[in-house]
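Here's the structure we're looking at; comments come further down.
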Protein chains: 2
Amino acid sequence: MFKPITIKDIAHALELSPSTVSRALSDSYEINEETKKRVIEYAEKHNYRRNPIASSLRHGRSYSIGVVVCEVANSFFSQAIDGIESVAYGKGYHVIISQSHDAYEREVVNIQHLANRAVDGLLISMSAETKDFSHILKLHEQGLPIVFFDRVIDDFETHTVTSDNRKGAKQATLSLIDRGFKKIAHLANAPHLSITAERLEGYEEALRQCDIPLDESLIRYCHHGGRVQEEVDEAARYFINLREKPDAIFVASDRLSMGCLSAYNKLMPRESHPAVAGFSNSDVLDLLQPGFTCIRQPAFKMGQVAMEMLIQLIESRYPVYDFENIVLETELIQR
Amino acid sequence: MFKPITIKDIAHALELSPSTVSRALSDSYEINEETKKRVIEYAEKHNYRRNPIASSLRHGRSYSIGVVVCEVANSFFSQAIDGIESVAYGKGYHVIISQSHDAYEREVVNIQHLANRAVDGLLISMSAETKDFSHILKLHEQGLPIVFFDRVIDDFETHTVTSDNRKGAKQATLSLIDRGFKKIAHLANAPHLSITAERLEGYEEALRQCDIPLDESLIRYCHHGGRVQEEVDEAARYFINLREKPDAIFVASDRLSMGCLSAYNKLMPRESHPAVAGFSNSDVLDLLQPGFTCIRQPAFKMGQVAMEMLIQLIESRYPVYDFENIVLETELIQR
DNA sequence: GTGAAAGCGCTAACAG
DNA sequence: CTGTTAGCGCTTTCAC
């Protein structure tokens with residue numbers, strides 16, 4: 001059906017050898033300017049395009065990289081993807097996005113799918129449900145370059161990029177305390193995610209600094225990262241039914257901020273909602289929800305840095321043993 | 001660096017020929033059960049994975065398809081992508097997503113990138129800025145299977161899936177009229193998009209049916225589909241400054257609904273906002289914005305149908321000349 | 001400055 | 001039931 005023109009066709013038409021055509025198209029210094037011009041003109045005229053699959057096979061490289069995120073319909077991740085793409089395209093790489101939907105099984109399947117030469121490297125942000133990392137470890141041991149961003153794995157010898165979650169969480173919590181709230185709850189992400197622990201630390205640190213005792217009953221985890229709205233609704237109902245209701249909530253993620261606000265909207269009039277501050281990269285959420293203070297992560301930058309690190313790993317001639325763990329600053333947006 | 005085991009390696013280790021190994025791995029009926037078992041065991045033990053690039057080159061097929069949407073951080077499109085993936089994975093296809101950001105140039109670059117054998121077919125939803133279709137037409141003439149969804153092109157001989165935009169728009173407008181509003185504005189998408197014309201028709205039809213005269217000055221187009229928030233803000237300011245302000249607005253898309261609500265939030269207190277009804281597939285937008293009536297498109301279904309049609313084109317032995325234009329029903333969600 | 005030939009990993013005739 | 005061979009399109013020595 002779809003039969004594009006090949007180097008052979010050009011060679012035949014111009015009475016040259018395929019190798020000459022190949023060299024002419026890659027602008028080799030060995031080739032006569034005159035010949036180059038003929039080849040390039042013919043190629044353009046006939047809409048020739050190098051077959052990337054053959055090229056990949058030859059080079060043992062696909063010039064594409066895989067990205068694994070929980071979902072793309074998420075401001076943070078879509079901005080990170082934009083950052084990744086901005087670097088990737090500039091360096092001649094394709095970007096293949098795949099979504100785990102925060103489910104362990106999807107993550108395993110997708111990573112398997114991407115691995116083994118279909119991609120030259122992987123950019124991963126862990127799924128909320130994943131506790132077992134052997135599927136990733138195995139690939140890494142085989143030599144597949146991997147860089148983690150945002151949601152990383154401990155004790156994994158590779159580059160990582162994250163934001164300063166502890167500090168951001170602390171700022172957000174402090175901003176609630178500053179506004180006079182005393183009973184501040186924490187709606188947390190899945191317990192085994194790296195970001196969950198760090199953000200929890202920041203929350204605790206803020207309370208400690210202001211001599212507010214930590215009340216464990218004010219912390220609720222969402223094991224599916226809010227993918228299941230029911231778990232967020234349940235958390236909101238739990239907070240509402242406490243004898244001493246929280247007057248404010250620090251929410252650990254974009255997805256959960258959305259879920260939390262909508263859960264409360266279903267449960268009570270807006271005037272009686274607790275104050276909410278949380279991590280969010282959404283442009284509109286904060287506009288639609290007056291008084292919502294948010295922590296912005298440098299998502300675009302994080303994508304860029306992650307991609308740069310991955311390219312460094314891919315293009316390095318020798319195995320890399322010296323890994324960087326870059327931490328970017330967050331920004332507090334207060335209204 | 002990353003040197004996965006090949007069929008040759010297995011053949012060598014087991015003292016078989018590569019072809020036997022290949023056949024054993026694809027469970028060919030010709031191969032002895034005993035041999036199959038040995039091969040499969042060895043392959044699993046050594047974590048063999050078929051090199052998809054070599055396989056693609058051999059078959060002249062990549063078993064991957066390209067999706068071009070304006071952006072993934074959009075409820076409608078991310079749901080459509082989920083639908084596409086659900087069918088694709090089941091049939092053994094990879095999905096490569098690329099974003100045009102509603103910009104003509106990005107669309108051209110991305111489509112070129114995807115085409116020429118890197119993908120077996122294309123699923124396209126047009127960018128808001130695109131007026132010239134020659135880049136797509138050229139590929140189609142060369143035989144690349146293409147299916148359009150949601151934002152289609154007129155006079156293009158191929159399968160399409162859309163939703164009943166005219167009817168949905170009419171329902172939304174009627175719902176505003178029912179609630180007693182008389183001066184109903186229309187915030188429209190880019191003028192040359194297929195969906196823009198259809199939704200405008202529905203709006204006009206609703207007015208006509210209720211004997212409300214059409215007032216052209218109440219219609220504003222967003223040439224970049226709301227990608228530039230400034231153009232939405234400008235439209236909101238325009239409506240506010242009209243001598244006779246609209247008391248309700250029918251908004252043509254998800255992105256514009258967001259933009260419109262946040263523009264008004266910036267400009268005036270919530271109590272004085274006009275009523276808003278519009279196309280939106282967002283789960284939370286309607287929850288966060290009381291009184292927001294929305295038209296839901298069957299995005300997931302649309303993705304599924306589009307993918308099925310594309311596979312039909314790809315796998316057809318003979319050129320297809322009999323094209324379908326499927327129209328799916330929308331749903332009105334009223335509060 | 002150009003060509004011939006080999007090979008990336010896989011598969012499908014064709015032979016036995 | 002298994003092996004031999006050729007070739008997908010491209011690139012890159014090695015010759016000339």
Side-chain angles (χ1 to χ4, degrees), chain A residues 1-40 42-43 46-64 92 115-120 142-143, chain B residues 1-40 42-43 46-64 92 115-120 142-143:
Chain A
M1 302 274 83
F2 185 43
K3 200 93 194 68
I5 161 175
T6 72
I7 273 187
K8 263 193 196 162
D9 299 329
I10 301 181
H12 202 245
L14 298 179
E15 300 191 299
L16 290 166
S17 77
S19 34
T20 305
V21 174
S22 171
R23 277 183 280 232
L25 289 171
S26 46
D27 200 27
S28 161
Y29 66 95
E30 301 175 300
I31 303 293
N32 188 318
E33 285 303 322
E34 188 54 38
T35 317
K36 266 189 203 172
K37 220 169 77 181
R38 280 174 63 217
V39 169
I40 289 170
Y42 187 92
H46 292 79
N47 205 22
Y48 168 80
R49 240 146 272 274
R50 163 190 279 120
N51 179 331
I53 291 175
S55 200
S56 293
L57 183 60
R58 184 68 236 268
H59 284 115
R61 293 264 310 274
S62 67
Y63 291 97
S64 65
N116 194 252
R117 292 287 192 126
V119 294
D120 298 335
Q142 283 181 60
Chain B
M1 301 275 82
F2 186 44
K3 199 93 194 69
I5 163 175
T6 74
I7 273 187
K8 263 193 196 161
D9 299 329
I10 301 181
H12 201 244
L14 266 36
E15 300 192 301
L16 291 166
S17 76
S19 40
T20 305
V21 174
S22 171
R23 277 183 281 233
L25 289 171
S26 48
D27 199 28
S28 160
Y29 66 96
E30 300 175 300
I31 303 294
N32 188 317
E33 284 304 322
E34 188 55 38
T35 317
K36 266 188 203 171
K37 222 169 76 182
R38 279 174 63 216
V39 169
I40 290 171
Y42 187 92
H46 293 77
N47 205 24
Y48 168 79
R49 240 148 270 275
R50 163 190 277 120
N51 179 330
I53 291 176
S55 200
S56 293
L57 183 61
R58 185 69 236 270
H59 284 117
R61 293 263 310 274
S62 68
Y63 291 98
S64 65
N116 194 252
R117 292 288 192 125
V119 294
D120 298 336
Q142 284 182 58

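Reminder, nothing fancy here: chain letters follow the sequence lines and each chain counts from 1.
For the pair I53(A) CD1 and dT11(C) P, the interatomic distance rounds to 14 Å; values are reported in whole Å. In this structure, CG of L25(A) is placed 17 Å from P of dG1(C), rounded to the nearest angstrom. In this structure, N51(A) places its CG atom 14 Å from C1' of dG7(D), rounding to the nearest Å. Put simply, CG on D27(B) is 14 Å from P on dT11(C), counting in whole angstrom units. Spacing between atom CD1 of I7(B) and atom C1' of dG9(C) amounts to 7 Å, rounded to whole angstrom units. dC10(C) atom C1' lies 17 Å from atom CZ of R49(B), rounded to whole Å. Straight-line distance from the CD atom of E34(A) to the P atom of dT2(C): 10 Å, rounded to whole Å. Here the P atom of nucleotide dG3(C) and the NE2 atom of H12(A) are 13 Å apart, to the nearest Å.
Under a 3.5 Å cut-off, the side chain of H12(B) and the backbone N or O of K8(B) do not form any donor-acceptor pair. Judged purely by atom type and a 3.5 angstrom limit, K36(B) uses its side chain to pair as donor or acceptor with the backbone of S28(B). Judged purely by atom type and a 3.5 angstrom limit, S56(B) uses its side chain to pair as donor or acceptor with the backbone of P52(B).
Residues L16(A) and Y42(A) are not in side-chain contact: their nearest non-hydrogen atoms beyond the backbone lie 4.5 Å or more apart.
Heavy-atom distances to DNA chain D give each of S55(A) and A54(B) a nearest nucleotide, and the one nearer the 5′ end belongs to A54(B).
Listed nucleotides dC10(C), dG9(D), dT11(C) differ in distance to S22(B); the shortest reach to its side chain belongs to dT11(C).
Phosphate proximity of dC8(C) to K8(B): present, with a side-chain N or O under 4.0 Å from OP1 or OP2. Considering only side-chain N and O atoms, Y48(B) lies under 4.0 angstrom from the phosphate OP1 or OP2 of dC10(C). The side chain of R58(B) contributes no N or O atom lying less than 4.0 Å from OP1 or OP2 of dA6(D).
Overall, the helix from dG1(C)-dC16(D) to dG16(C)-dC1(D) carries an axis bend of 50° between its ends, with five pairs at each end and the value rounded to 10°.
Across every non-hydrogen atom of P18(B) and I7(B), the tightest pair is O-CG2, 3.5 Å.
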Quick one: which protein N/O atoms are closer than 3.5 Å to N/O atoms of nucleotides 1-3 of chain D? Pair and distance per line, please.
from, atom 1, to, atom 2, distance (Å)
dT2(D), OP1, T35(B), OG1, 2.8
dT2(D), OP2, N32(B), N, 3.1
dT2(D), OP2, T35(B), OG1, 3.2
dG3(D), OP2, S17(B), N, 2.9
dG3(D), OP2, S17(B), OG, 3.4
dG3(D), OP2, T20(B), OG1, 2.7
dG3(D), N7, R23(B), NH2, 2.8
dG3(D), O6, R23(B), NH1, 3.0
dG3(D), O6, R23(B), NH2, 2.8

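For the side-chain hydrogen bond (donor to acceptor under 3.5 Å, both in side chains) test, residues two or more places apart in sequence or in another chain that qualify with S64(B) are S62(B).
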Discussion item. For R49(A) and N47(A): C-alpha separation, side-chain torsions, deciding distance, then whether side-chain hydrogen bond (donor to acceptor under 3.5 Å, both in side chains) applies.
Written reply: CA-CA 6 Å; R49(A) 240 146 272 274; N47(A) 205 22; 2.7 Å; yes
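Atoms CD1 and CZ, on I53(A) and R61(B) in that order, are 10.5 Å from each other to the nearest 0.5 Å.
Applying the side-chain contact (heavy atoms from CB on, under 4.5 Å) test between T35(B) and each of V21(B), T20(B), I40(B), L14(B) identifies T20(B) as the sole match.
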